[in-house]
K.L.:
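Here you go, one structure.
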Amino acid sequence: MDWHAVADGLFDRGHDIVAVDDLLSGTGHCGDTAFAVVGSTNHAEIGVELTLAMAKRVVATMRDHPGRPILFLVDTQGQRLRHRDELLGIHRYMAHLAQCVELARARGHRVLALVYDQALSGGFLASGMMADLCAALPHAEIRVMNLPAMARVTRLPEERLRALAATSPVFAPGAENYAQMGAIDALWAGDLATHLMAALRDAPTTDTRRDVGRARGGRKLAAAIAERAASE
Amino acid sequence: MERLQFRFDGGSRVAAASDACLVGVVASGNLEVLIEPAPQTDACAIEIRTAANGFGDVWQAVMTDFFERHRVGGIRISINDAGATPAIVSLRLDQAIEEFTRRDPA
Amino acid sequence: MQSYYEATARERIAGILDPGSWHEILPPTARTLSPHLKALDLPVAFDDGVVIGSGALEGLPVLVAAQEGGFMGGAVGEVQGAKIVGLFERAKAARVAGVVLLLETGGVRLQEANAGLIAVSEVIRAICATRVRGIPVVAAIGGKFGCFGGMGIAAGCCTSIVMSEEGRLGLSGPEVIETAHGVEEFDSLDRALVWRTVGGKHRFLLGDCATLVDDRQPAFRSALAQAVRTGEELELASLEREQRTLDERLERFGAYTDGEDIWRDLGFDKPANVPLLATDALIALSKRLRAA
């Protein structure tokens, strides 16, 4: 999915988002609200540089535009799987980004995310999955890994995984499954600007994903176990 | 996975030092043994969940041996097994029952 | 059990907390088994591979979660993640000096795919939210399986990290990188290379862990207590500092291809000797070099 079309759909009053290599950044206007936009494109591999650039954008928003909502536009094939990134401590770069998002939330910024193309595991944890509310376009692909790779790693027969995936949202890729499990708030079809403003209004400020997963029936245990661990 | 259940009668009730105890880890070739008091019965009830299918006879032998050596009752033993050898199973059971019955010096 | 590396999760808790202070939450008798592993006909554990509870650390009231590396490599599934998240919820209400995480994990439990990924995400958010509330979260890494995947990010979100030389910390494990880009990119069987890249000493020299300790439980205990006492607020100024630190790191070390290049740049005349240095000697030398 072309990010231009997505940005045009989201920001009915215009935007100045630009792509520099795989980094998206700029400001978008929806109704009377300005959004600080940060994200990635080209199914970006999220390495140390890109992570740091995204964090920088969040830090700058906190400093220069207190309270301005932040929108992550997510398109990533996952973290960059290179020796150099590990040598430099990519986990710490990602952790820095995650903490920037958390602090922004604590300082009154609403943080939203939209998976407009792909979101894979490590590339998604420190950005979209840190948001108050994460949505996806209906065709978006969200997964840890595909079933053949999962079959290889877990040494389980692929047919068995396919059979389980047909009945449970746990195993199969797909935005719809993540919605059932509570990690995706909704699939945005139709007018994106309307969805964006509704999300800004309704996004929770605490992590309610396990409750949503329970209510939707896609993740039955997490909420109950967490409640017991918190109170027993 | 296979689930097996055994029950041995005629043992004497053990005085438990603690409510329950756990020994071992569900790692490859290892197992965890959980012992809990079962005040409503004098039996030694054992429930096993094992990754290795078709070894019911071996489990029966190992559990019988355990019971003959310790003659314990009024307890519930639960096992999660990830393919441990009979020797390891016996060792963990002995460790578990020793820990379960060990009284605090206080 | 003196070695932290060799100890199980339960032995680590016994070795680190004050005697008699431990109270386990959702103990094995609660039988919080993973439904997903059961569905796949795989072995389950009564505690789903994480031990949580409250206790005292050198007199400090703390909440503790300890992952068991022996069970599925410490990987996080729905139940395990929910236990840790619930512990952080508890930290909100309880009066605690900090939360201690004894991490040993490969990250997301792939057998629980989506549920595992979301669980790790919830743990990361819980750590960050707890820190924002001013409660320190400290992590120990020194087990056989290291700390990788999304839980490497979780560790990075902690107030401070205590590692031993034997510990490993990263995002993508060496095997994952080798599978993706071949043995020339990262030879996962080259132990020395692995430790030069993600091992405790390298992480300490880069500043990714605050404290390096010997592989002894008492050493972990006192370092963790010290870390809880020290704390550190999560605030804009600290994140701006971190931004500069990480920027400078890229600038200074970004072109290097090996840990030894970085250590030489840090002032070690004979970087090849770093792996041979005793912990104390390494700490002392690194202090002198930083001061110079």
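Per chain, numbering begins at 1; letters A, B, ... match sequence-line order.
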K.L.:
Any chance you could lay out the side chain to side chain contact (heavy atoms under 4.5 Å, CB included) test for L87(A) and D258(C), step after step, and finish with the verdict?
P.N.:
CA-CA 7 Å; L87(A) 182 68; D258(C) 195 285; 5.5 Å; no
K.L.:
In terms of heavy-atom pairs under 4.5 Å with chain C, which of E49(A), M129(A), R92(A) leads?
P.N.:
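Result: the option with the highest number of such pairs is R92(A).
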K.L.:
List the steps and the verdict of side chain to side chain contact (heavy atoms under 4.5 Å, CB included) for L88(A) and L246(C).
P.N.:
CA-CA 9 Å; L88(A) 293 169; L246(C) 296 180; over 6 Å; no
K.L.:
Looking at R219(A), K220(A), M94(A), which makes the most heavy-atom pairs under 4.5 Å with chain C?
P.N.:
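The candidate making the most pairs under 4.5 Å is R219(A).
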K.L.:
Check whether any side-chain heavy atom of T245(C) lies under 4.5 Å from a side-chain heavy atom of H96(A), and answer yes or no.
P.N.:
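No, every pair of side-chain atoms sits at 4.5 Å or beyond.
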K.L.:
Check each atom of L26(C) against the heavy atoms of chain A and say whether the ones under 4.5 Å are side chain, backbone, both or neither.
P.N.:
side chain
K.L.:
Would you check if there is a donor-acceptor pair between the side chains of T32(C) and R228(A) at a distance under 3.5 Å?
P.N.:
no
K.L.:
Within the side chain of D207(A), is there an N or O that forms a donor-acceptor pair under 3.5 Å with the backbone of A126(C)?
P.N.:
no
K.L.:
Count the heavy-atom pairs under 4.5 Å between each of G53(C), P174(C), G86(C), G254(C) and chain A, then report the option with the highest count.
P.N.:
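Answer, by heavy-atom pair count under 4.5 Å with chain A: G86(C).
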K.L.:
Give the member of G78(A), A229(A), G218(A) that has the highest number of heavy-atom pairs under 4.5 Å with chain C.
P.N.:
A229(A)
K.L.:
Check L236(C) against L103(A) and note the closest heavy-atom contact, atom names and distance.
P.N.:
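L236(C) and L103(A) have their closest heavy atoms at N-CD2, 3.2 Å.
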K.L.:
Whether the side chain of Q99(A) engages the backbone of C158(C) through a donor-acceptor N/O pair (distance < 3.5 Å, no angle test) should be reported.
P.N.:
no
K.L.:
Measure from the side-chain N and O atoms of R125(C) to the backbone N and O of E102(A), and report whether any donor-acceptor pair falls under 3.5 Å.
P.N.:
no
K.L.:
Who among A113(C), A119(C), S238(C) has the most heavy-atom pairs with chain A under 4.5 Å?
P.N.:
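Heavy-atom pairs under 4.5 Å are most numerous for A113(C).
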K.L.:
List the steps, then state whether side chain to side chain contact (heavy atoms under 4.5 Å, CB included) holds for R209(A) with S121(C).
P.N.:
CA-CA 10 Å; R209(A) 291 176 290 179; S121(C) 164; 2.7 Å; yes
K.L.:
Hey, is the main chain of E232(A) close enough, under 3.5 Å, to the side chain of R90(C) for a donor-acceptor pair?
P.N.:
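Judged by distance alone, yes, a pair lies under 3.5 Å.
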K.L.:
In terms of heavy-atom proximity below 4.5 Å to chain A, should V79(C) be classed as side chain, backbone, both, or neither?
P.N.:
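Both backbone and side chain of V79(C) come within 4.5 Å of chain A.
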K.L.:
Taking atom CZ of R191(C) as the centre, does the number of heavy atoms from other residues, nucleotides or ligands within less than 6.0 Å exceed 12?
P.N.:
no
K.L.:
Indicate yes or no for a side-chain donor-acceptor contact from N114(C) to the backbone of R143(A) under 3.5 Å, with no hydrogens or angles considered.
P.N.:
no
K.L.:
Stepwise, does the side chain to side chain contact (heavy atoms under 4.5 Å, CB included) test hold for E185(C) with L81(A)?
P.N.:
CA-CA 9 Å; E185(C) 177 69 28; L81(A) 301 170; over 6 Å; no
K.L.:
So which of C128(C), A91(C), G156(C) has the largest heavy-atom pair count under 4.5 angstrom toward chain A?
P.N.:
C128(C)
K.L.:
Any idea which of V176(C), T179(C), V132(C) has the most non-hydrogen atom pairs under 4.5 angstrom with chain A?
P.N.:
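Ranked by heavy-atom pairs under 4.5 Å with chain A, first place is V132(C).
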K.L.:
Using a cut-off of under 4.5 Å on heavy-atom pairs, state which of A126(A), A183(A), G89(A) scores highest against chain C.
P.N.:
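Option with the top pair count is G89(A).
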K.L.:
Between D247(C), L40(C), L234(C), V120(C), which shows the greatest number of heavy-atom pairs under 4.5 Å with chain A?
P.N.:
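Option with the greatest count: L40(C).
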K.L.:
Do the charged groups of R63(A) and E240(C) touch, with an N to O distance under 4.0 Å?
P.N.:
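Salt bridge between R63(A) and E240(C), a charged N being under 4.0 Å from a carboxylate O: yes.
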K.L.:
Considering non-hydrogen atoms only, spot the tightest contact between Q111(C) and F171(A) and give its length.
P.N.:
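In terms of heavy atoms, the two residues are closest at O-CE2, 3.1 Å.
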K.L.:
Please confirm whether the backbone N or O of L171(C) pairs with a side-chain atom of E86(A), one donor and one acceptor, at under 3.5 Å?
P.N.:
yes
K.L.:
If we ignore hydrogens and angles and just use 3.5 Å, is the side chain of E78(C) paired with the main-chain N or O of L221(A) as donor and acceptor?
P.N.:
yes
K.L.:
Indicate yes or no for a side-chain donor-acceptor contact from R82(A) to the backbone of H181(C) under 3.5 Å, with no hydrogens or angles considered.
P.N.:
no
K.L.:
Hey, could you give me the CD/NE2 distance between E178(C) and H83(A), rounded to the nearest 0.5 Å?
P.N.:
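The CD atom of E178(C) sits 12.0 Å away from the NE2 atom of H83(A).
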K.L.:
Which one, H36(C), K83(C), R203(C), leads in non-hydrogen pairs under 4.5 Å with chain A?
P.N.:
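If we count pairs closer than 4.5 Å to chain A, R203(C) comes out on top.
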K.L.:
Quick check: closest heavy atoms across E89(C) and A230(A), and the distance to 0.1 Å?
P.N.:
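Heavy atoms of E89(C) and A230(A) come nearest at CB-CB, 3.6 Å.
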K.L.:
CG of D202(A): more than 12 outside heavy atoms within 6.0 angstrom?
P.N.:
yes
K.L.:
What closest approach, in Å, do L110(C) and M150(A) show between heavy atoms, and which atom pair accounts for it?
P.N.:
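L110(C) and M150(A) have their closest heavy atoms at O-CE, 3.3 Å.
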